Amino acid sequence: MAEISIRSMRKSFGATSVLKDVALEIADGEFLTLLGPSGCGKSTLLRILAGLEVQTGGSLAIGERVVDGVRPKRRDVAMVFQSYALYPHMTVLENMALPLRMRRLSAWQRLPLVGRLLPGTKVTADQIDQDVRRTADALSIGHLLDRKPGQLSGGQRQRVAVGRAMVRQPAVFLMDEPLSNLDAKLRVQMRAEIKELHKRLGVTFVYVTHDQSEAMTMSDRVAVMLDGELLQVAPPQEIYADPDDRRVAEFIGSPKINMLEAKLREDGFAETAGTSFSIPADLAHGTTLALGIRPEAFHLVDSHGENVLTGSVRLTEHMGSDLYVHLAVPGSDHPVIARLLAERAPHITSGQTLHLGVKPERLLLFAADGRRLRPDNRPNGTVLRMKEHA
Amino acid sequence: MSTQHTRRLALPSAILRHTALLATGALILIPFVWMVSLSIKPPGEIFRASFSFWPEQFYGLENYTRALTEAPLPQYMLNGVIVCTMIVVLQVAVCAPAAYALAKLDFPGRNLLFAMVLIALLLPHEVLALPLFILGYQIGILNTYAALILPYIVSPFGIFLFRQFFKTIPDDVIHAARLDGLSEFAIVWKIMVPMALPAIIAFGIFSVVSHWNSLFWPLIAVRDQNLMPPPLGIMAFKNEEAGNDYGPLMAAATIVVAPLIAAFLSAQRWFVEGLTGGAVK
């Protein structure tokens, strides 16, 4: 059993605070992704989990055991590095066998020449050899065992790195952007393979990435990190559809979510970009809001009105099944981007005036401080509730 | 190397470059050729005005026999092998962990220690001869192999060179090794040193050459003929009164440098071969 429990974890380098009071519970066998832009502290958190970095404050438990101050090799975790970090002077076989040799053989048994003569060495060494070959075959790198890392392609090195982590059957897998050095096609393929591997091994995976498509496709839960804080921890679909924070909404989704600053009128409508949206709320009028609209929340309508954005088309991008329309709307510096189904919007040219409707329930409302405002569906009417920050 | 050579030089510039390279090469090579040539000539031919590489009368056997028998040159060479091997092994044994600590571990005073290594790099070893002699006398190792070996085992140059090389090895490799269960010493010997092999070998060549040819400290530290280094075998033919006996002198010199040249040529490919390739990406 290897659930991970991170409590009020802090880390600073000098005056710079990299992790600010991070708390996170990871279930046994879960695939959790730490997602965030570079420099947000996600890799630091992972290295603290591995024991390669010491936290400034807070506590960490793997399984039932508090592992603060426990050396990396005693933590039963394995890590796959972004750079793979293979040993270039050893063959693939030696690379993968090393963690097993260090664990199963005594210091005397590991000695060159002399070690072979000691009792038990040969049996253990053969066992290690078998284990490595079995793991290598499972990753289909069995034919590469005699090569050195320098003779392998990026994808093969990546597999060797995974194999080296896998061979000793750790309770927790840590992965630090393992796919970022691969080309796009291989990345998609490895994504599926790592997911498959997780299913097969059934152990806890903590995966660090800045790539939201990796996070969305592979994870059981995604933890979005920004500036050393955990903003939201939730399943991928929920992170996308129901973000807790404006920063999460803006980070997830491509093209980016459209944000329109608005002021709430007395009649319950929010005015922005030359139109007004009905807000299902009883907030004090005059409240400043940000309306978040996902590109796919728009639909074409015939004429201007409430809940309809009108503007002139600046640019269209054909993406095959989808059509991205960049619409210049009054009062906003950034164009609004809408994703329409290509077959339903055949004749859009730049300069044309377009009306895009949004259903009120598809609006994501954010307070001025970035917190999400959620309509609470109660029988006696809809009210807005401030969700407490996690 | 050759596979990456796609750009061809224009003919005039190629000729120019090769002329310059050949000239410098010749400048370095000619004394050696001359040395070998003199070592196989009889005394009469050595001082002739005209130069020819091959002697009219082959006198090599006589010169080399005298070089090997007049002074105990084989014994001196054996001393050289023992002392140089011990020095280079102990130097690597001391410098590699020190350099690893300076390059990759974080501890208070690290920069100060490194600054001290740099200062030690500036000091010529001759400056320390007297203090080392007194120290050697105090601990009673004068006139032993230990006196020839111990003063050299901490090499600031080695620490500096290894540290610079270790710095280029990515931290992730060390992190991976720690997770794989290697102790810090195991990381030094199993990961860092093999990855830095070109630097280690380059350093080994420097070290062996300088200690093989060293005469200054051995003449101070030891008196026993059985402990003397190879250059003393050449000294035997340097005669103030009767003039120098050039034939055997050159034969002895040839014998003394031969192992160095052989060692250098066999180790040469290690300089070129990049062993660090493939660690990352």
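Just so you know, these numbers come straight off a predicted model, no measurement behind them. Basis for what follows: all heavy atoms, side chains included, without hydrogens, waters or symmetry-related copies. Convention: sequence-line order gives letters A, B, ...; per-chain numbering from 1.
Seen from the ring of B:Y100, B:R163 does not count as a face-on cation partner, given the 6.0 Å and 45° thresholds.
Highest contact tally toward chain B, considering only A:L98, A:L182, A:L100, is held by A:L98 [criterion: heavy-atom pairs under 4.5 Å]. Between chain A and the residues B:K190, B:R178, B:H175, the most heavy-atom pairs under 4.5 angstrom are made by B:H175. For the set B:S183, B:A177, B:A186, the count of heavy-atom pairs under 4.5 angstrom toward chain A peaks at B:A177. Contacts with chain B were tallied for A:M102, A:R75, A:R74, A:M90; A:M102 has the most, counting heavy-atom pairs under 4.5 Å. The residue among A:L152, A:L52, A:V80 with the most heavy atom pairs within less than 4.5 Å of chain B is A:L52.
Aromatic ring pairs are classed by plane angle as parallel below 30°, tilted from 30° to 60° and perpendicular above 60°; the pair A:F31 and A:Y207 is tilted.
Contact annotation for A:R101: neither backbone nor side-chain heavy atoms come within less than 4.5 Å of a heavy atom of chain B. Only the side chain of A:R47 comes within contact range of chain B, judged by heavy atoms closer than 4.5 Å. With a threshold of 4.5 angstrom between heavy atoms, A:V77 approaches chain B through its backbone and through its side chain.
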Identify each donor-acceptor pair in which a side-chain atom of residues 144-152 of chain B lies under 3.5 Å from a protein atom, sequence neighbours left out, and give them as a table.
residue	atom	partner	partner atom	Å
B:T144	OG1	B:I141	O	2.5
B:T144	OG1	B:A146	N	3.3
B:T144	OG1	B:A147	N	3.4
B:Y145	OH	B:N79	OD1	2.7

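Here CZ of B:F32 is found 5.5 Å from CD1 of B:I261. Values are rounded to the nearest 0.5 Å.
A:Q151 contributes a side-chain N or O that, together with a main-chain N or O of A:K148, makes up a donor-acceptor pair within less than 3.5 Å.
Legend: side-chain hydrogen bond (donor to acceptor under 3.5 Å, both in side chains) pairs involving residues 102-119 of chain B, not counting sequence neighbours, sorted by first then second residue: B:K104-B:D171.
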